[in-house]
Student: 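Handing you a structure now.
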Amino acid sequence: MEILKIGITGTVGAGKTTFVRSISEIDVVNTDRVASDETALMKATTTVAFDFGRLTLNSGQILHLYGTPGQFRFNFMWDILMPKVHGYVFLVDTSRPQDFRASRRLLNYMKQKTQSPLIVGLTHADSHKAWKSEDIALTLGLSNFVTKPPIIEVNATNSHSVAQCLILLVEQLIQQGINVV
Ligand SMILES: Nc1nc2c(ncn2[C@@H]2O[C@H](COP(=O)(O)OP(=O)(O)OP(=O)(O)O)[C@@H](O)[C@H]2O)c(=O)[nH]1
Ligand SMILES: [Mg+2]
């Protein structure tokens, strides 16, 4: 049985590390360090290499979860991880419209690194500042109904919500003919 490598990516603070921590059945390999630049205005720490977690589905299928850094200065990690993933979750913080342009750029970057199936996960949908899914789809350039990936709300702090997102991604992999248990 092949282990599925799943990327968790998105801009700074989208919730990647939280997502992996919420669902991993092992202690997460974590490379968060104190944020020393403008990220410090948003949160105390930031991922400098990657997060690693593991999840075994009821079927026995093992997922390895790789959370990328969000900061552009660590983009070499995107280049290392993303070409290897079987599928990925692209997280967008719906409460930070100031980051939507960067999200769009990053999504296009990731699409150049991998053709693998993706899910767009909308975090912070519980915030009163959250934008609607349709509006975010437009700002990300995902308006073509034929080609756009599934876009769902996901609360990275909630293991049930994270599990639903990963199950949807695994269904996408099966549809693409990837051999999943
Ligand atoms: N209320 C709420 N908080 C969330 C949600 N998703 C993530 N968070 C919070 O948002 C913050 C995100 O931080 P991280 O998980 O470190 O974000 P990251 O994407 O790994 O950030 P970098 O590694 O710096 O790129 C954490 O405080 C989470 O608890 C959500 O859906 N709702
Ligand atoms: Mg992180």
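Both ligands and their constituent atoms are indexed starting at 1 by order of listing.
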Student: Taking backbone and side chain together, does Thr46 place any N/O/S atom at a distance below 2.8 Å from the Mg ion (ligand 2)?
Tutor: no
Student: Does Thr11 reach the main-chain N or O of Ala102 with its side chain, forming a donor-acceptor pair under 3.5 Å?
Tutor: no
Student: Which distance, rounded to the nearest 0.5 Å, do you find between the CG of Asp79 and the NZ of Lys84?
Tutor: 12.5 Å
Student: Short list, please: which atoms of ligand 1 are under 4.0 Å from a heavy atom of Ala14?
Tutor: 19 (O)
Student: Specify the protein heavy atom at minimum distance from atom 19 (O) of ligand 1: its residue, its atom name, and the distance to 0.1 Å.
Tutor: Lys16 NZ, 2.7 Å
Student: For a side-chain contact (heavy atoms from CB on, under 4.5 Å) with Thr17, tell me which candidate from Thr46, Asp32, Thr68 qualifies.
Tutor: Asp32
Student: Can you list the atoms of ligand 1 that are under 4.0 Å from a heavy atom of Asp126?
Tutor: 1 (N), 2 (C), 30 (C), 31 (O), 32 (N)
Student: Can you check whether a protein heavy atom sits less than 4.0 angstrom from atom 3 (N) of ligand 1?
Tutor: yes
Student: Need the ligand 1 atom indices (1-based, order shown) with element for anything under 4.0 Å from a heavy-atom of Thr123.
Tutor: 6 (N), 31 (O)
Student: Compare all side-chain heavy atoms of Pro149 with those of Leu142 and state whether any distance is below 4.5 angstrom.
Tutor: yes
Student: Do Phe100 and Phe72 sit in the same hydrophobic cluster, where Ile, Leu, Val, Met, Phe, Trp and Tyr count as joined when their side-chain heavy atoms come under 4.5 Å apart?
Tutor: yes
Student: Going by the atom numbers of ligand 1, which of them fall below 4.0 Å from some non-hydrogen atom of Ala156?
Tutor: 6 (N), 7 (C), 31 (O)
